[in-house]
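Fair warning: this is a prediction, and the values are worked out from it, not measured in the lab.
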Amino acid sequence: MGDRAAAWLAWSLVVVSVVLPVGGISFALMTRSPVPERPTYSSVTLLVLALAFSVVGATIASRQPRNAIGWLFCGVGVTIGLNSFAGDYAQFWLAGGFGMGALGETAAWFSSWSWALLVFVPTSFLLLLFPD
């Protein structure tokens, strides 16, 4: 992969990791009721985390495409975005919103176990790859 293609891919992952939590925030706002069940602050926090990981990863990956740490950080940002979107979509679906049942169940399932991807995989690879 060339340097330009790697930079394009890295910054595209930043866009994806920002668009997903923004979509999740829109689902959270659509399911807001007078009785607060889940504040939108957690979604905003996930957006900030996804943005931070993705921008750091894209900066590293666009300048040194062979560095695995940059791509790992981009992957963490996208996974945070997917987790946020899936959790908010599952709550939207459970609150009686429209949508396919299988997709809502899959989103709830993914949101419930994706924390393992966010904790164990990046930690393991960062410990293995950081000294290089």
Side-chain angles (χ1 to χ4, degrees):
M1 177 182 311
D3 289 345
R4 288 190 65 159
W8 184 82
L9 178 62
W11 290 106
S12 296
L13 290 175
V14 171
V15 171
V16 168
S17 67
V18 169
V19 167
L20 286 171
V22 168
I25 289 171
S26 67
F27 279 125
L29 291 175
M30 285 190 283
T31 59
R32 192 182 334 183
S33 66
V35 179
E37 296 174 9
R38 180 178 176 205
T40 311
Y41 300 117
S42 64
S43 299
V44 172
T45 304
L46 288 176
L47 173 65
V48 169
L49 278 174
L51 183 64
F53 271 103
S54 295
V55 167
V56 169
T59 303
I60 294 170
S62 65
R63 293 183 182 179
Q64 295 183 359
R66 298 189 61 131
N67 192 341
I69 300 292
W71 296 110
L72 183 66
F73 271 47
C74 286
V76 168
V78 171
T79 306
I80 290 171
L82 280 172
N83 182 20
S84 174
F85 183 79
D88 289 334
Y89 178 77
Q91 283 194 351
F92 171 74
W93 177 71
L94 287 172
F98 299 103
M100 297 184 303
L103 186 61
E105 291 173 3
T106 304
W109 172 78
F110 178 77
S111 177
S112 68
W113 69 262
S114 65
W115 66 269
L117 286 175
L118 292 172
V119 172
F120 295 123
V121 174
T123 305
S124 300
F125 281 115
L126 281 175
L127 291 173
L128 289 172
L129 297 172
F130 183 67
D132 293 340

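Remark: Ser84 OG to Leu47 CG distance equals 7.5 Å, nearest 0.5 Å. Taking OG1 of Thr45 as the reference point, atom CD1 of Ile80 lies at 11.0 Å (rounded to 0.5 Å). A distance of 8.0 Å separates OH of Tyr89 from CZ of Phe85, quoted to the nearest 0.5 Å. To the nearest 0.5 Å, atoms CG (Leu118) and CG (Leu46) are separated by 8.5 Å. Atom CE of Met30 is separated from atom CG of Asp88 by 9.5 Å, given to the nearest 0.5 angstrom.
With hydrogens and angles ignored, the 3.5 Å screen pairs a side-chain donor or acceptor of Thr79 with a backbone N or O of Gly75.
For the pair Trp11/Val16, no side-chain contact is recorded, criterion being any heavy-atom separation below 4.5 Å from C-beta on. No side-chain heavy atom of Val78 sits less than 4.5 Å from a side-chain heavy atom of Phe53. Considering only heavy atoms from C-beta on, Trp113 comes within 4.5 Å of Leu117 through its side chain. A heavy-atom distance below 4.5 Å is not found between the side chains of Asn83 and Trp115.
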For residues 55-65, please give each side-chain donor-acceptor pair under 3.5 Å, one per line with the distance, not counting sequence neighbours.
residue: Thr59; atom: OG1; partner: Val55; partner atom: O; Å: 2.7
residue: Ser62; atom: OG; partner: Ala58; partner atom: O; Å: 2.8
residue: Ser62; atom: OG; partner: Thr59; partner atom: O; Å: 3.2

Side-chain atoms of residues 17-29: list all donor-acceptor pairs with protein atoms under 3.5 Å, sequence neighbours left out, distances to 0.1 Å.
residue: Ser17; atom: OG; partner: Leu13; partner atom: O; Å: 3.1
residue: Ser17; atom: OG; partner: Val14; partner atom: O; Å: 2.9
residue: Ser17; atom: OG; partner: Ser54; partner atom: OG; Å: 2.5
residue: Ser26; atom: OG; partner: Gly23; partner atom: O; Å: 2.5

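The number of heavy-atom neighbours closer than 6.0 Å to CZ of Phe125, taken from other residues, nucleotides and ligands shown, is 12 or below.
The stretch residues 116-127 participates, sequence neighbours left out, in no side-chain hydrogen bond (donor to acceptor under 3.5 Å, both in side chains) pair at all.
In the hydrophobic clustering of ILVMFWY residues, with side-chain heavy atoms under 4.5 Å counting as a link, Trp71 and Val15 come out apart.
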